[in-house]
Structure formats: structure tokens, C-alpha cells
A.B. asks: 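Let me begin by handing over the structure; questions about it come next.
We name chains A, B, ... by the order of the sequence lines, and we start the count at 1 in each one. The structure displayed is predicted, hence computed values, not measured ones.
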Amino acid sequence: MSASHLLQVNGLQYTYGERFAVYNLSFEIYEGEIFGLLGPNGAGKTTTISMIGGLLKPDKGDIELAGRPFHGTPQEKRLLGIVPQDLAVYPKLTGKENLAFFGELYGLSGAVQRQRTDEMLALVGLRERAGDLAEQYSGGMKRRLNLAAGLMHKPRLLLLDEPTVGVDPQSRNHIFEGVRSLNKQGLTVLYTSHYMEEVEMLCDRVGIMDGGKLIACDTVEALIARQGIPVIELGVEAAPVTSHLLEALAALEFTEGVTCEPPNAQQAGVSSISVRSSRPDRSLPGIVAALNQHQASLISLSIHRPSLEDVFLALTGKSLRD
Amino acid sequence: MTTILAVFRKDMRLFQRDRSALIFVFGLPMVFALLFGMIYRQTSGMSGKLPLRITVLDRDSSPVSQQMIANLHKMGVSVHVIYRAKGLEKKVMTGKLHAALVLPAGFGSRIQNWAESTVPPKISPLSLTLWIDPAHTTLESVLQEVVNGSLQRTSAMLKAQKLMAQFPAAAQITGRLFAGPSALPAVLHVIDHPNPSKYPKPTEGDKRMPGLIIYFVFFMASGVAVTLIEERQTGTLRRMLSAPVSPFQVLAGKMLARCAMGCMQISLLLATGIFLMHLTMNVNLAGILLVYAVCIFTATGLGLLIATFGKTQEQIQGMTTLALLVMGLLSGCLFPRELLPPMMLQLSYITPHAWALAAVDDMLLRRLSFASALPSLMIVLMMGCALYAVALKRFQVE
Ligand SMILES: Nc1ncnc2c1ncn2[C@@H]1O[C@H](COP(=O)(O)OP(=O)(O)OP(=O)(O)O)[C@@H](O)[C@H]1O
Ligand SMILES: [Mg+2]
């Protein structure tokens with residue numbers, strides 16, 4: 001990739017007492033992308049974000065931000081917006097007051113600060129509740145406020161630490177849409193999560209962490225592709241499934257292999273055929289045509305794609321959420 | 001019933017793990033019981049030992065004056081006798097001595113004359129002067145009683161001796177002789193505040209309010225510690241530090257807010273003092289307010305230090321409440337320091353409260369200049385700086 005990187009970490013390491021929380025971590029984030037850091041509880045995601053945010057000093061390794069070594073100076077911190085995993089807002093201040101305060105920490109004041117506060121409230125959908133105390137917000141609303149507080153000063157790199165924990169689908173969508181639209185406007189995002197669907201949906205590239213180490217890092221597609229190709233499962237009703245049919249399916253473009261199981265007790269008269277295809281979308285018309293040609297009627301169809309879950313399972317031998 | 005027991009057991013277990021509850025339920029009562037127990041043991045009844053201390057300047061140096069001193073001893077006063085002294089009065093008025101009694105030259109012969117005359121003579125009464133530290137007047141009336149008592153006892157004994165010499169048969173009824181002769185006419189002048197002709201007597205408010213104010217100002221330490229812990233627990237502290245803001249700026253802002261609250265608190269207490277306890281305000285007001293201001297500084301330092309020790313809010317609240325209460329009791333802020341046993345009196349000087357109170361007392365009760373109160377004030381200030389230094393060091397390590 002030739003795009004310039006905004007952040008680069010190299011051999012980052014951090015220990016709490018004896019235990020490595022982060023070990024020899026290296027990756028880079030390109031300008032304008034959403035980079036996901038995926039890992040189970042205790043993988044070291046928060047520790048990594050804390051080091052990038054200048055809150056923890058790495059034991060080893062270095063961080064480069066916007067082409068310069070990062071030392072946590074005020075100018076460097078201005079480029080970063082941190083949204084912590086814990087709800088770091090003041091319960092006894094209103095949403096508006098919270099945002100105003102965090103804006104002021106970055107030097108915003110007067111009309112600029114007021115305007116920015118309004119923008120952020122609108123972005124996270126809290127305009128109507130702006131005057132309520134944060135303690136009266138629901139869990140999801142607090143999360144959204146937490147996110148808005150990290151955006152007040154228009155950072156270049158947003159560090160999002162599990163921003164959707166304990167959030168209903170609606171609030172989650174709100175957060176996603178907010179992040180996407182900001183990303184379209186040029187914001188680079190580091191997004192940590194242990195929900196692989198989120199990362200799959202949102203991120204361009206993913207780093208997978210476990211036990212403080214980065215065990216894989218690539219685009220979502222590439223990671224999944226490494227795990228093998230999608231399988232198209234067909235339920236077919238035919239007198240018998242002829243070998244001609246199977247040959248025809250195998251001969252289609254993008255097909256990598258075909259297997260067939262005869263009808264079983266649960267599905268009388270229905271055979272299941274699995275077609276492994278590198279491009280299921282492109283294979284489907286050919287498959288349907290072949291079935292028609294051989295007088296086989298299609299009862300059910302499903303496409304099984306390998307997910308990041310499978311990637312994680314293959315890399316670590318354990319499931320992501322256990 | 002079993003469910004009740006289940007809830008009971010759970011609550012007992014939680015209680016056992018909740019340190020602040022433990023402190024409140026066991027720690028506080030223990031401290032109170034110990035302190036007040038020691039104090040009341042001392043003050044219960046006149047037979048018990050009140051910490052009464054008098055320096056006696058014996059200008060007379062006669063058998064009679066020595067008898068007087070012996071009688072003071074017998075009544076439980078610890079007497080320090082000197083025979084000549086320059087500026088004794090000043091030493092008492094500046095708080096260097098607790099109380100002083102002067103037995104003038106001719107003291108003995110006056111009593112002797114009175115004892116020998118059978119008809120009550122028409123003489124002017126014997127006049128003695130008792131000086132008392134203006135800042136330690138709680139035991140004033142007791143001291144007065146004790147001195148008067150010793151005087152009457154001394155004169156009565158002398159009279160009894162004369163009577164016995166005249167009528168030997170009376171020797172058999174010595175025990176009842178005290179009541180016999182009429183009392184020696186004597187006047188005890190008590191001087192318990194400086195320059196009585198110029199300044200009015202200090203009010204109750206002057207004696208009690210400064211201690212209360214200092215106690216409550218130091219109580220702010222608890223609030224400081226709690227907000228810091230709160231910010232650390234909720235993550236807002238980290239959030240602030242992730243902004244281009246230095247830890248120093250965060251702390252300075254927080255401390256400034258606390259100082260403002262402290263000022264409001266002091267104003268409120270002062271107003272209460274003025275209206276309810278006739279607190280005097282026109283004595284070195286600037287100097288006294290400065291002492292309170294330094295107290296705020298030191299209290300915030302104390303709070304900051306405490307915050308670096310505790311983990312949870314409850315723990316902090318329990319710990320600080322206890323520590324501050326003990327300091328308040330020890331230092332004489334909550335009740336008169338003269339009543340403390342001597343050992344605790346020594347201990348009281350490890351508290352900043354005691355030094356702050358001494359500085360205010362110097363100005364308000366002893367009417368000394370700001371310069372005289374400055375050494376005590378400097379100690380409070382230095383304690384504050386030391387607390388800040390240690391706290392900031394510990395804060396950085398975290
Ligand atoms: N303050 C701390 N003291 C000691 N150990 C810690 C501390 N914070 C984190 N750790 C340890 O460091 C490791 C990494 O923790 P970290 O919080 O970075 O994980 P995470 O990936 O963010 O997990 P989660 O998904 O649960 O938030 C864990 O083993 C954790 O126990
Ligand atoms: Mg975390």
C-alpha cells in the first residue's frame with residue numbers, strides 16, 4: 001500500500017508488574033482508514049490505546065504520529081481524540097456542559113465552542129437531551145456522549161475503545177453512522193472491539209490481538225480469504241443427483257470444488273450439494289442454469305462465508321467469545 | 001426465617017469487608033472513648049489531677065510564703081517557684097507561661113500580723129495578682145479557687161498555731177480549727193487578657209470560633225481526596241490528561257476550586273461567629289485571614305496526599321474522617337487544649353491545626369503583632385509545602 005501512514009507503532013511493549021499486557025506490538029494506520037483492533041478481554045487493547053494516547057509510557061518500542069516521533073507533547077495530543085472504554089463523563093453535569101468542558105480543555109471557547117458542542121450533540125443524536133444531567137441518560141446515551149466528548153476538538157486520529165459495550169442496536173447504529181460520516185470527512189479511526197461483526201462491518205483493516213500480541217494484521221477480506229473460500233450450500237430435489245450435474249457445477253467459473261450428500265432421514269428426497277466458490281455472487285447464475293438444465297429443483301440455498309471468528313479460531317485455537 | 005438469615009449473613013459479610021464502615025463503627029468510638037476517657041479521668045472531681053500549672057514568683061521568701069506554696073502543691077497544682085524574674089507578666093501574656101502568681105515582699109508578715117491580732121484589725125486587704133495566659137483561660141476559675149483556698153488555708157493554719165500557743169488545751173481539737181477564726185481579708189486580682197484598660201475582655205466567640213474554623217477548614221482535605229479518587233475511578237482524570245493539559249494544571253484547577261469553597265466556608269463560619277458568639281473582627285483581621293488561607297493550602301495538600309493512598313471513595317472517607325477528627329481533638333480545636341494530658345499536649349504539635357490555632361490566638365487573644373504569630377504560621381505553611389511535595393511525588397509515580 002502506498003498511502004501514507006498517520007500512525008506507526010513499533011515493538012511496543014508494556015508490563016503491569018510481571019505480566020506482559022502488550023508484547024512487541026507493531027502495526028500502522030493509514031491516513032483516512034478505519035483500523036480495527038480485535039481481541040478478547042484482556043488482550044491488551046486498552047493498554048495499547050493508552051500508550052498511543054500518551055497516558056502510559058511504553059516500556060519499549062516507539063510510536064510515530066504524522067511522521068514524527070510521539071512523545072505526548074500538547075501539540076501531539078491535539079491530533080488525538082480518545083474515547084475511553086469507561087464512561088468518562090461527569091454525571092452531575094449536563095450533556096452540554098460535559099462537552100463544553102472537554103472542549104475547553106483543548107482551548108475551545110466562546111462561539112466556536114458553542115457551535116462545536118451543538119454539532120457534536122447533533123452527531124450523536126443527543127440534541128433533545130442536551131440540558132439533562134448525564135446521570136439521567138440511559139447507558140447508550142452515555143456512550144454516545146462519551147464519544148462526542150472525544151470529538152470536540154476535531155482530532156485527526158480518533159481512538160475508540162469499545163464504544164458499543166452495553167448499547168442497543170439503535171444506539172450502536174448511531175455510533176456507527178457517526179464514525180462513518182466522520183471518516184468520510186477524513187477522520188482516521190482506531191477502533192477496538194471484541195465484536196467481530198462490528199469490525200467486519202466498519203473497518204478497512206484489522207489487527208487481531210491475543211495475550212498482548214498481534215497475531216494477524218491485514219484487510220478484512222485478505223484475512224478472511226486466508227481462511228479459505230465461501231461455500232454455497234444447495235438443497236436440491238432431483239430423482240437422483242446425476243454425476244452430469246456435479247460435473248457441470250464443477251466446470252463453472254470460480255468453482256473450486258463440489259461435494260454431494262444423498263438425501264438423509266431429516267430431508268427425504270433432498271440432496272445437499274456444496275459448491276466451494278471464490279466468488280459466490282458470480283457463480284450463482286451458472287449454478288441456477290445448471291440445475292435447470294438437469295431438471296433439479298432448488299429447495300434451499302445458503303452462502304457460508306468464513307468470518308473473522310473463523311480466522312481467530314484458526315489462529316488461536318479458541319473462540320473469540322468464551 | 002432462612003431468608004432473613006441469608007440476608008443477615010450477607011450483610012455481616014459485606015460489613016466485614018467494608019473498611020469505612022469498620023472505621024465508623026469501631027474506630028471512631030474507640031478514639032472517642034480513649035480520648036475523652038483520659039480527659040474525664042483527669043477532670044472528674046477536684047480530687048483528680050487537673051493539669052494545673054502555676055509559676056510562683058516568691059518575692060517574700062519567708063516560711064509563710066513557703067507554706068503557701070506547699071499548700072498549692074497539696075491542692076494538686078504543679079508549682080514552679082522562682083525568686084526573681086524580669087518580664088514575668090509578659091511571659092504569661094505571650095503564652096510562654098501558663099499562669100503566674102506573685103507573692104509580694106511582706107506577704108508573710110502581713111499574714112503573721114493578722115494571725116496574731118485577736119481583734120480583727122482595720123487593715124486594707126492583702127492584694128495578690130494572678131496572671132493567666134489569655135489563650136488558656138478555661139481553668140481560670142479553678143486556678144482562682146485554688147489560689148484563694150491555699151491562701152485561706154495558709155492563714156488559717158497560722159492562726160491555729162498562734163491560738164494553740166496561747167491556749168494549749170486547744171491542741172486537742174486541731175482538726176476543727178480551720179473553721180474557727182474569721183477569714184483573712186484578701187483580694188485576688190486576675191489578669192487574663194492584655195492591657196485590660198485598653199482592650200475589652202475576649203468574647204466566648206474569640207476563644208472558641210477560631211478552633212472550629214480551623215477544624216472545618218482542615219475537613220476540606222476529605223473533599224479534596226474524594227473528588228480526586230472519583231475522577232480517577234470514573235476515568236475522567238485520564239480523559240483530562242489525554243488532552244493537552246498537564247497534571248499540574250489539572251491539580252491546580254481542582255485546588256483552586258477547593259480554595260474558593262474554603263473561602264466561602266470561612267465567611268459563613270465568621271458570620272456565624274459574629275452574630276452568635278460576638279466574635280471580635282477588628283483585631284488584625286488581615287493577619288488572621290491569612291492564617292486561615294494558609295490552612296486551606298495545607299488542608300488541600302493533606303487531601304492530595306490522602307488521595308494517593310486510598311483506592312476507593314469509601315475507604316478514603318472513613319480514613320480521613322477519623323484522622324481529621326483525631327487531629328481536631330488533639331490540637332485543641334474542638335475543646336480546650338489545657339484539658340489534655342501532658343503527653344497528648346506534646347503530641348498536639350504534630351498537627352498543623354495546633355500551630356494555626358496558636359497563630360490566631362497570638363493575634364486575637366494575646367493581642368500580639370502579626371510578626372509574633374509568624375513563626376507558628378510558617379510552620380503551618382511548611383507543613384503544607386511538605387504535604388504537597390510528598391503527594392506530588394507519589395502522584396507522578398502512579
Ligand atoms: N491497572 C492494571 N493493573 C494490572 N494489570 C492490568 C491493569 N490494567 C490492565 N491490566 C492487565 O493487562 C492486560 C491487558 O489489559 P487491557 O485492559 O489492555 O485489555 P483489553 O484488551 O482492553 O481488555 P477488555 O476487552 O476487557 O477491555 C490484562 O491481563 C489485564 O489484566
Ligand atoms: Mg479494554
Side-chain angles (χ1 to χ4, degrees), chain A residues 16 46-47 49-57 70-93 97-108 134-135 142-143 145-155 157-162 165, chain B residues 20 219-262 264-265 300 303-304 307-317 320 391-398:
Chain A
Y16 289 109
T46 300
T47 308
I49 283 207
S50 298
M51 286 189 282
I52 297 172
L55 290 167
L56 290 178
K57 213 170 165 48
F70 175 81
H71 298 297
T73 63
Q75 287 90 330
E76 291 164 348
K77 282 181 171 177
R78 259 171 221 285
L79 301 178
L80 299 171
I82 300 194
V83 177
Q85 183 172 1
D86 307 315
L87 291 168
V89 294
Y90 294 97
K92 294 281 181 204
L93 294 184
E97 287 165 344
N98 265 298
L99 293 187
F101 170 67
F102 288 114
E104 279 164 11
L105 287 185
Y106 288 88
L108 299 185
E135 67 180 358
K142 283 182 200 153
R143 283 260 157 233
L145 180 64
N146 197 37
L147 170 67
L151 289 166
M152 281 297 289
H153 62 290
K154 297 193 181 172
L157 174 61
L158 181 66
L159 306 173
L160 280 177
D161 198 356
E162 311 213 18
V165 172
Chain B
S20 77
F219 226 92
M220 254 179 22
S222 168
V224 169
V226 167
T227 72
L228 270 165
I229 298 285
E230 217 172 42
E231 295 239 27
R232 194 158 60 196
Q233 274 181 331
T234 56
T236 44
L237 185 64
R238 282 162 61 86
R239 179 159 228 162
M240 280 194 273
L241 293 179
S242 77
V245 174
S246 71
F248 172 78
Q249 286 170 314
V250 171
L251 284 182
K254 288 188 79 69
M255 294 304 131
L256 216 58
R258 289 286 142 182
C259 290
M261 288 176 223
M264 290 188 262
Q265 190 185 38
T300 51
L304 197 60
T308 65
F309 281 101
K311 286 274 176 288
T312 68
Q313 215 167 308
E314 292 78 28
Q315 206 181 331
I316 288 285
Q317 221 139 26
T320 10
L392 290 177
K393 186 135 196 134
R394 287 181 54 91
F395 228 76
Q396 271 168 6
V397 173
E398 275 175 48

A.B. asks: Quick check on Glu231(B) against chain A: is it the side chain, the backbone, both or neither that has a heavy atom closer than 4.5 Å?
C.D. replies: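 The side chain, not the backbone.
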A.B. asks: Looking at Phe248(B), I'd like to know if its CZ atom is crowded, meaning that more than 12 non-hydrogen atoms belonging to other residues, nucleotides or ligands lie closer than 6.0 Å.
C.D. replies: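 Atom CZ in Phe248(B) is not packed in, count stays at 12 or less.
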A.B. asks: Identify which of Ala149(A), Gly72(A), Gly81(A) forms the greatest number of heavy-atom pairs closer than 4.5 Å to chain B.
C.D. replies: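 It is Ala149(A).
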A.B. asks: Any idea which of His153(A), Lys77(A), Gln85(A), Arg78(A) has the most non-hydrogen atom pairs under 4.5 angstrom with chain B?
C.D. replies: Lys77(A)
A.B. asks: Please name the pair of heavy atoms, one in Ala243(B) and one in Tyr106(A), separated by the smallest distance, quoted to 0.1 Å.
C.D. replies: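 Minimum heavy-atom separation between Ala243(B) and Tyr106(A): CA-OH, 3.4 Å.
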A.B. asks: Of all heavy-atom pairs between Ser242(B) and Ile82(A), which one has the smallest distance, and what is that distance?
C.D. replies: CB-CD1, 3.7 Å
A.B. asks: Where do Gly150(A) and Arg239(B) come nearest, in terms of heavy atoms and distance?
C.D. replies: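 Shortest heavy-atom separation between Gly150(A) and Arg239(B) comes out as N-NH2, 3.1 Å.
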A.B. asks: Given heavy-atom pairs under 4.5 angstrom as the criterion, report whether the side chain, backbone, both or neither of Asn146(A) touches chain B.
C.D. replies: both
A.B. asks: Tell me, with the steps shown, if Arg238(B) and Asp86(A) meet side-chain contact (heavy atoms from CB on, under 4.5 Å).
C.D. replies: CA-CA 10 Å; Arg238(B) 282 162 61 86; Asp86(A) 307 315; 5.7 Å; no
A.B. asks: Side-chain contact test, heavy atoms from C-beta onward, threshold under 4.5 Å: evaluate it for Met240(B) versus Phe101(A) and give yes or no.
C.D. replies: yes
A.B. asks: Please flag which part of Leu55(A) lies under 4.5 Å from any non-hydrogen atom of chain B: side chain, backbone, both or neither.
C.D. replies: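 For Leu55(A), the side chain is the part near chain B, not the backbone.
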